[in-house]
Amino acid sequence: MSYTKRFIYAFILSLPMLVDMVGMLFGWMLPYYNWVALITTTLIIALSAWPFWRSAYAAFKNHHANMDTLVAIGTAVAYFYSVYAMATGREVYFESAAFVTVFVLLGQVLEERMRHNASAAVEKLQKLQAKEALVKRAGDFVTLPVDQIRVGDLVKVLPGQKIPLDGEIVAGASNIDEAMLTGESLPVSKTVGQKVIGATLNQNGTFVFRVEKTGQATMLAQIVDLVKMAQTSRAPIQKLTDRISNIFVPAVLIVALLTYAAWYVFFGATAVQAMLYAVAVIVIACPCALGLATPTAIMVGTGRAARLGVLIKNGEILEAVDQVQTVVMDKTGTITQGQPVVTEIIGNQPEILRLAASLEASSEHPLANAILAKAKAEKIQPQNVTNFQVLEGQGITGKIGGQEVYLGNEKLNAAYPLDANQAQSLARLQAEGKTVVTLVANQKVLGLIAIKDQVKPDARQAIKALKKRGLKTVMLTGDNQAAAQAIAQEVGIDQVISSVLPAQKAEKIRELQHEGPVAFVGDGINDAPSLSTAEVGIAMGSGTDIALEAGGIILTNNQLMGVVRALDLSQKTFKRIKLNLFWALIYNVIGIPLAAGLFSTLGLVLSPEFAGLAMALSSISVVGSSLLLNRAKIA
């Protein structure tokens with residue numbers, strides 16, 4: 001039975017006792033009140049409180065005590081004493097057992113609704129999926145349900161429609177609103193050859209795309225899975241909460257027994273009065289708020305992060321982010337756009353481009369596309385290459401038309417020195433922040449190719465924001481010192497570590513970890529070892545691919561300000577967890593003495609039913625505190 005139904009039954013059945021309590025203020029009592037109270041309270045115990053008793057008994061059999069233990073003992077003591085009192089002609093306290101149940105369930109109903117609101121981010125993401133699409137069948141576009149679309153199908157998207165699945169545009173162009181997945185409000189222009197993401201909104205053009213991913217392989221499905229995984233994860237601090245709860249419940253029972261003994265033996269209270277103090281202690285001390293402090297904050301924080309294009313994989317990351325002192329960033333694709341272009345060629349341009357493009361046609365290096373694009377623009381066709389090899393950390397080589405050709409970085413210059421003019425050009429180009437590759441043929445340097453990757457528009461703003469938060473910023477790159485330093489100065493990076501081979505990046509991060517915890521920001525593919533070595537790995541999203549195993553945080557919008565948002569959200573979520581735990585513990589520190597009657601001389605006395613209400617309000621306050629994360633200011 002749901003909490004809501006149990007609460008409704010308990011509330012309706014407690015109404016006669018509520019009427020009697022109000023009537024007593026005017027000198028009127030419900031006829032046969034004791035019998036009415038016995039019947040209604042028994043039904044409340046059977047229909048609404050029984051699950052608390054069952055849970056407490058199961059915990060007892062396992063030599064354990066949980067939150068339900070306190071509620072079960074409190075209601076059971078009040079109920080069975082009242083049965084005994086009724087049989088022996090004493091005053092009964094059925095209303096204590098009844099109203100404790102009502103108020104505890106009220107708290108759980110409100111918690112359930114708040115937690116549902118907190119996890120609504122997943123539901124909203126799932127509802128983004130289009131239900132139907134125009135799919136090409138037998139030469140015509142027909143409307144079909146999305147679950148009937150297969151990889152390779154051609155889909156037409158009209159203005160104002162949602163894009164149903166992930167794919168690549170093959171005809172047409174449009175502006176696409178990707179805010180629901182990336183958090184970026186400005187639309188993105190897309191044309192033939194570019195990727196589109198399912199659930200994003202087509203604005204003003206008509207285009208046809210080829211489906212590349214369906215079902216659980218789509219970006220939306222991966223995001224939903226990541227958010228679900230994060231919202232059900234446990235932060236390490238929650239282990240402390242569990243240990244506190246395991247000690248807390250037995251301690252409360254001991255405090256309740258001591259309260260009873262103190263009032264009955266030392267303060268001259270009747271057994272009934274002492275019992276009511278003890279029951280109030282048991283009920284108000286129920287550590288429900290303590291148990292809600294961590295999971296509700298994680299649910300709200302990760303849900304809001306997803307709406308901003310930041311995917312936090314688990315609760316451990318939240319705690320790790322709070323300790324970070326240094327943010328290390330890869331250069332290409334992280335600080336820069338990741339779309340380098342050839343800006344200058346020193347030497348015989350057609351010949352240099354022909355040989356370089358021929359080698360790069362077989363390469364997967366990020367700079368290869370820049371050289372091939374330049375060759376295509378100059379209408380130069382690559383030639384066949386034999387004996388193609390990759391020279392680790394230096395470049396590539398192969399035979400073209402019978403001559404041995406090398407293309408690589410300045411490390412080649414040790415074996416093939418530059419002449420004076422070439423050396424002067426190399427120094428100038430590197431000072432301008434450009435990456436320079438050397439072309440060698442027949443044991444002689446034929447020329448230089450200067451390539452530059454544009455800095456991302458938000459890079460300077462992001463670096464400034466990170467430094468403002470007291471974080472040290474480091475660029476870790478395989479590029480040469482001069483080019484890397486020029487980029488670093490442009491965006492304001494604190495430290496540059498350059499000329500690092502891919503296999504050495506993780507080692508450099510380990511060295512930086514001697515100074516304090518490190519967050520590493522990379523593309524999630526080439527930088528996987530570094531992402532896993534750092535305390536916090538932040539993977540920049542690319543196209544429609546999410547590197548699920550690459551980092552603890554994934555940025556779907558591929559912008560550097562996303563790093564600032566990710567750190568902000570993670571830190572604020574973890575701080576909210578600590579604040580929730582503080583208030584949950586302080587509440588019990590204040591509430592238990594009040595319930596035990598230590599302030600009774602001041603007229604401050606808490607009956608068991610009001611202790612139940614106070615306990616419910618404490619849980620609601622913790623959930624409400626977590627929900628405030630939705631209003632927290634994020635960079």
Assign the ring pair Y81 / Y84 to parallel, tilted or perpendicular, where the plane angle (0 to 90°) is split at 30° and 60°. tilted
May I ask you to check whether S626 and R576 show a side-chain donor-acceptor distance below 3.5 Å? no
Would you kindly check if the NZ (Lys) or CZ (Arg) of R6 is within the cone defined by 45 degrees around the ring axis of F52 and under 6.0 Å from the six-membered ring centre? yes
At their closest point, which heavy atom of A506 faces which heavy atom of S530, and how far apart are they? N-OG, 3.7 Å
From F520 atom CZ to I538 atom CD1, the distance as rounded to the nearest 0.5 Å: 10.5 Å
I463 to G492 - nearest heavy-atom pair and separation: CG2-O, 3.5 Å
Quick check: does any side chain N or O of S570 sit under 3.5 Å from a backbone N or O of A566, one acting as donor and the other as acceptor? yes
Kindly compute the distance separating CD1 (I45) from OG1 (T101), expressed to the nearest 0.5 Å. 5.0 Å
Taking every non-hydrogen atom, the tightest pair across V36 and P16: CG1-CB, 3.8 Å
Atom pair CD1 (I509) and OG1 (T326), whose distance is rounded to the nearest 0.5 Å: 11.0 Å
Look up atom CZ in R565 and atom CG in L569, then write down how far apart they are to the nearest 0.5 Å. 9.5 Å
Are the side chains of F7 and V102 in contact, using a 4.5 Å heavy-atom criterion? yes
For T533 and V518: C-alpha separation, side-chain torsions, deciding distance, then whether side chain to side chain contact (heavy atoms under 4.5 Å, CB included) applies. CA-CA 9 Å; T533 299; V518 170; over 6 Å; no
Validation row: L560, T334 side chains within 4.5 angstrom (heavy atoms): yes
The test is side chain to side chain contact (heavy atoms under 4.5 Å, CB included); show your working for I254 and L258 and say whether it passes. CA-CA 6 Å; I254 293 171; L258 292 174; 4.0 Å; yes
Side chains of V321 and F574, heavy atoms from C-beta outward: is any pair under 4.5 Å? no
Expected output: side-chain N62 to main-chain A58 donor-acceptor under 3.5 Å: yes
Between L105 and T4, is there a side-chain heavy-atom distance shorter than 4.5 Å? no
Inspect the surroundings of NZ in K467 and state if more than 12 heavy atoms from other residues, nucleotides or ligands are less than 6.0 Å away. yes
Pair E535-Q513, side-chain donor/acceptor within less than 3.5 Å: yes
Could you grab the distance from atom CD1 of I317 to atom OG1 of T573, nearest 0.5 Å is fine? 12.5 Å
What closest approach, in Å, do V327 and V324 show between heavy atoms, and which atom pair accounts for it? CG2-CG1, 4.4 Å
Under 3.5 Å: donor-acceptor pair, side chain of S55, backbone of P51: no
Counting only N and O atoms by type, is there a donor-acceptor contact under 3.5 Å from the side chain of D458 to the main-chain atoms of M561? yes
Can you confirm whether E515 sits close enough to L512 that some side-chain heavy atom of one is under 4.5 Å from a side-chain heavy atom of the other? yes
Side-chain donor-acceptor pair under 3.5 Å between Q325 and K472, yes or no? no
Taking the side chain as every heavy atom from C-beta outward, state whether V564 and L466 have any pair of such atoms under 4.5 Å apart. yes
Show the nearest heavy-atom pair for residues A98 and I44, with the distance to one decimal. CB-CD1, 3.7 Å
With sequence neighbours left out, the residues meeting side chain to side chain contact (heavy atoms under 4.5 Å, CB included) with I39 are L43
Evaluation steps, side chain to side chain contact (heavy atoms under 4.5 Å, CB included), between L38 and F94: CA-CA 7 Å; L38 171 64; F94 286 116; 3.6 Å; yes
Are V474 and M329 packed together at the side-chain level, in the sense that at least one heavy-atom pair is separated by less than 4.5 angstrom? no
Yes or no on side chain to side chain contact (heavy atoms under 4.5 Å, CB included) for L594 and L598, after CA distance, side-chain angles and deciding distance? CA-CA 6 Å; L594 182 63; L598 293 185; over 6 Å; no
Look up atom CG in L13 and atom CG in L47, then write down how far apart they are to the nearest 0.5 Å. 6.5 Å
Residues 259-267, side-chain donor-acceptor partners within the protein, below 3.5 Å, at least two apart:
residue, atom, partner, partner atom, Å
T259, OG1, V255, O, 2.8
W263, NE1, A596, O, 2.7

Verify, without hydrogens or angle tests, whether T473 (side chain) and D494 (backbone) share a donor-acceptor contact under 3.5 angstrom. yes
Which pairs count as side chain to side chain donor-acceptor pair (under 3.5 Å) when at least one residue sits in residues 44-54, sequence neighbours excluded? W53-T75
Side-chain heavy-atom pair S82, T41 within 4.5 angstrom cut-off: no
So, for G522 and D330, which heavy atoms are closest and what is the spacing to 0.1 Å? CA-CB, 4.3 Å
